[in-house]
Amino acid sequence: MDKLVLIDGNSIAFRAFYALPLLTNQQGTYTNAAYGFTMMLMKVLEEEKPTHVLVAFDAGRVTFRHSDYEEYKGKRDKTPSELSEQFPLIKKILDTMGIRHHELDGYEADDIIGTMACQGDQQKMKTTIVTGDKDLLQLVTEYVTVLMTKKGVSDAQRYDIAEIDQRYGLTPKQIIDLKGLMGDSSDNIPGVPGVGEKTALKLLHEYGSVEEVLAHIDKLPGKKLKERVAEHQEQAKMSKQLATILCETPLDFDLSDLEYHSFDSAKVAPLFKQLEFKTLLQRISSADEELPVSTQAKDLTIHHITEENFAKWDSLFDEDQLSLFVEMNHPNYHRAEVLALALSSEENHLYIPISVAQKWEAFKNWLADPKKEKCAYDGKGAHVALRRYGLLATGISFDVMLASYLINPSESGHELSDIVTRKLDASLPADEDVYGKGAKRRQLEGEELAVHLTRKTEAMVKLQSILEEELENTGLSSLFFQVELPVSHVLAEMEWQGVKVDKEGLQELGKELSSRLKELTSNIFDLAGTEFNINSPKQLGEILFDRLGLPVLKKTKTGYSTSADVLEKLAPQHEIVEEILHYRQVSKLISTYVEGLMKERSEDDGKIHTRFQQAIAATGRLSSTDPNLQNIPIRMEEGRRIRKVFIPSQENWLLLAADYSQIELRVLAHLSGDENLIEAFHSNMDIHTKTAMDVFDVEADDVTPEMRRHAKAVNFGIVYGISDYGLSQNLNITRKEAGEFIERYLESYPGVRKYMDDIVKKAKQDGYVTTMLDRRRYLPDINSPNFNRRSFAERTAMNTPIQGSAADIIKKAMVEMKSALDEAHLSAVMLLQVHDELIFEAPEEELEKLTEVVRRVMEDAVELTVPLRVDVDAGKTWYDAK
DNA sequence: CCCCTCACG
DNA sequence: ACGTACGTGAGGGGC
């Protein structure tokens, strides 16, 4: 059966342009609108499987509508050149794909689409219009539907007659009347001033059309409304006319010219490659691929290592460098089963089942030899996993994952398949595609596993030299080899050690919290007068705002907001609110911490082994998963008690916590060179009190706790990339007041103001910012025409050098800590890192010496224009090491 | 699978 | 006028 798809080219390109960051390819061509457009196009082709396709564009700026109304589209901003220069590109893509596109002088894309939609309807041909413009809903009929992009371009909603009726209570034709009454500010269609969507819909439900409304002016409700409509009768009629889409545009083609047969990937692929549409490239090649995958795999000679034949491969270990990959059946390498290993040199590709590896002496010697260089992918995970099988891996001198991360830490994936797609002229199936996910997950075995695995190490050999060169070219080599790679070895050791957890203590805490939760629950039900699920924001919102009638202070996209900041404001109005806040706290402690930690505690050693993710955070920070040990409660006493269950692993040992005091503001003082801020740290003042003195112009003794609290928030704001709005939200003050605080701050610290201005300017020039140790973060939105995107990028430009340099510093300290502990003959071990804090366990008698060593290493990690200060505390539990 | 909420620095 | 604080991870609800 025939099927017609009509695409509103301008509308979709606009949507894509504002939804996506301002991407460019290597040649500097802007590609974001073309990319988003093509993504949408491919999706529609796949899902609709049309036999006929047309993309319509607007032509020029003057249309027949302008002769009726000069100001038509008058208020619209000029199309940014970054977008307009992409239209030829989009048309080229369409030509290459064999898709017809048309524009016509004096008419809009809407009219071309309207005319073809009418033809489709007359021929009873199923027709889909793709647009982001609600005007086109007027074209819907029994045969014609509209696919409306929601946010961005990926998500769309289909409108047929029933859906329009449900949404507006109107027929498609009445959409024109709706526009006639309410107007459209984006097209500068006036409508009737003061009549918005609500009023217009009410009138149309009553009278049906603009003409009928005008015929009954005297019956309209409200004096104001009557006057307005009476006064703007002509304008309403004209607005309706402007909004009416033409069905008789003089076109020099007809339906039969729009036939579409699937595109030729051999022609399209080179274009996508040039534009660097990598995901799309993968999609068009994987669609008719299957074959190339197996050909590639056939090219690869795999040597299957067995107990019988390994001896003849002993000489492989004379090679200077081999790539090693450890395949597991699960991402958590602390408990995953190792399936097999692969090993590649330039020429040879070995597949080694884990049981064979364990018996192969030459392999084990090579693996454990620090002088034998190994290129790994996630060397930390590989090391930990192999260690559980009695295999010691050292000498990991390159890590493909970490290199890819340093080259661009904002990139969405650093899976090997992602890196191959980005850096090589090849593709590798993603683990998820090979294994499936969730319930569909399957085990791989035999030849299939061997192929999948050796293709990885084969790719790694090629990647290593490319990545090494790229690191060198972008000034990242030293950070990589001196910090990032060594810290991965330190982290492997920390994770391997794990933290001991007091099981009984955790269970008791759980019991106590559960009975507290029970009391709270019954109190809340009493106060509400009914039972409901307190954990459901939806149900809670209904109770608070519908049943109890509390005022709605904030809404979310989906309904009422019940977040803590809202509830705190409502607390004085009803007893129940305080109880709910408390319930939330306790419930969080039970589910995330008591139950969450219990799940992750290993029965083997009574410890928790987190994984520190080293290739996630765009600023260079670490993160922690399964469980996250970087967000254990501390701010509220009730939650802080969770820390009592973290204990040393041996009798008469202690936990010791060492944290950098104000590291981010000290980094800011250093980076900005602001004299006032530098002086504050040299004189060892309380920095928030100092800020309060400057901002509020008072003496130290006159700083009230309230003033200090405000000053503290201003300091946070500065670090985050200040905005008056953000600060006003945080402090619950007006934007004007917040703006004044900021201005007073920047007057007191002129060096900071200059630094912030300069870093944004530099980011706009270079397209990236760097940290003290030359870590890089690209900011593709820094010159975006979209205010939100650009502002966000500007704040990131201010924040990343600060947060990122702090991350650099603690990583450097961690690398140096290992040898410092050895030299001091300490048996203490480092267990955790929490961004500006390191946690150790050690015998009691080492306390004094350890404190001295830890403080020295951390404080001397880098030399700044201000001193770094470290606070150290120790105790029997993490709670007591405060 | 997305949204909301909330824990940390 | 726009509508945000920076960086993370996890659990529960609901479609």
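Here is how names work: the chains are called A, B, and so on, in the same order as the sequence lines, proteins then strands, and each is numbered from 1.
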Self-check item: Nucleotide nearest Y720(A) when distance is taken to its side chain, options dC6(C), dT4(C), dA7(B)
Solution: dC6(C)

Practice problem: Please work out if V834(A) contacts a base, only the sugar-phosphate, or nothing of the nucleic acid, heavy-atom cut-off 4.0 Å. | Solution: sugar-phosphate

Practice problem: For E837(A), answer base if it contacts any base atom (sugar-phosphate contacts may also be present), sugar-phosphate if it contacts only those atoms, and nothing otherwise; contact means non-hydrogen atoms under 4.0 Å. | Solution: nothing

Quiz item: What nucleic acid atoms does T562(A) come within less than 4.0 Å of, heavy atoms only: base, sugar-phosphate, or nothing?
Solution: sugar-phosphate

Self-check item: Side-chain ion pair, K599(A) and E595(A), N-O less than 4.0 Å
Solution: no

Quiz item: Reckon A807(A) touches a base, only the sugar-phosphate, or nothing at all at heavy-atom distances under 4.0 Å?
Solution: nothing

Practice problem: Pick base, sugar-phosphate or nothing for Q729(A), based on heavy-atom distances below 4.0 Å to the nucleic acid. | Solution: nothing

Practice problem: Return the minimal non-hydrogen interatomic distance between M830(A) and M814(A), and the atom names on each side. | Solution: CE-O, 3.9 Å

Exercise. Would you indicate what I634(A) reaches in the nucleic acid, counting non-hydrogen atoms under 4.0 angstrom: base, sugar-phosphate, or nothing?
Key: sugar-phosphate

Quiz item: If you look at every strand shown and take non-hydrogen atoms under 4.0 Å, does N730(A) touch a base, only sugar-phosphate, or nothing?
Solution: base

Self-check item: hbond_proxy R611(A) side chain to dG9(C) base (donor-acceptor, 3.5 Å cutoff)
Solution: no

Practice problem: With P as the reference atom in both, quote the distance from dT4(C) to dC3(B) in angstrom, rounded to an integer. | Solution: 14 Å

Practice problem: Remember a base hit wins even if backbone is also touched, and classify G721(A) as base, sugar-phosphate or nothing at under 4.0 Å, heavy atoms. | Solution: nothing

Self-check item: F716(A) and H688(A) aromatic ring geometry - parallel, tilted or perpendicular at 30°/60° bounds
Solution: parallel

Practice problem: Identify whether NZ of Lys or CZ of Arg in R735(A) sits under 6.0 Å from the centre of the six-membered ring of Y725(A) and within 45° of that ring's axis. | Solution: no

Quiz item: Taking atom types as they are modelled, is there a donor-acceptor pair under 3.5 Å from the base of dC6(C) to the side chain of Q803(A)?
Solution: yes

Quiz item: Which value, in whole Å, describes the distance between the C1' atoms of nucleotides dC2(C) and dC6(B)?
Solution: 28 Å

Quiz item: Base, sugar-phosphate, or nothing for D659(A), non-hydrogen atoms under 4.0 angstrom?
Solution: nothing

Quiz item: On a whole-Å scale, what distance lies between the P atoms belonging to dG3(C) and dC8(B)?
Solution: 31 Å

Exercise. Answer with base, sugar-phosphate or nothing: what part of the nucleic acid does S587(A) contact at a heavy-atom distance below 4.0 Å?
Key: nothing

Exercise. Can you check whether any acceptor in the base of dT4(C) is under 3.5 Å from a donor in the side chain of R795(A), or vice versa?
Key: yes

Quiz item: Which part of the nucleic acid, if any, lies within contact of L622(A), taking any heavy atom under 4.0 Å across all strands shown: a base, the sugar-phosphate backbone alone, or nothing?
Solution: nothing

Quiz item: Touch check for A793(A), heavy atoms < 4.0 angstrom, all strands: base, sugar-phosphate only, or nothing?
Solution: nothing

Quiz item: What nucleic acid atoms does N533(A) come within less than 4.0 Å of, heavy atoms only: base, sugar-phosphate, or nothing?
Solution: sugar-phosphate

Quiz prompt | Side chain R735(A) and base dG3(C) donor-acceptor under 3.5 Å | solution = yes

Quiz item: Which part of the nucleic acid, if any, lies within reach of L589(A) when heavy atoms closer than 4.0 Å are counted: base, sugar-phosphate only, or nothing?
Solution: nothing

Quiz item: Can you find a heavy atom in the side chain of F646(A) that is under 4.5 Å from one in the side chain of Y879(A)?
Solution: no

Quiz item: Does the aromatic ring of F792(A) sit over the six-membered base ring of dT4(C), closer than 5.5 Å centre to centre and tilted less than 30°?
Solution: no

Quiz item: dT4(C) P sits how many Å from N799(A) CG, rounded?
Solution: 18 Å

Quiz item: Is the shortest side-chain N/O distance from S623(A) to OP1 or OP2 of dG9(C) below 4.0 Å?
Solution: yes

Quiz item: Using the ring of each side chain (for Trp, its six-membered ring), is Y405(A) parallel, tilted or perpendicular to H414(A), with breaks at 30° and 60°?
Solution: perpendicular

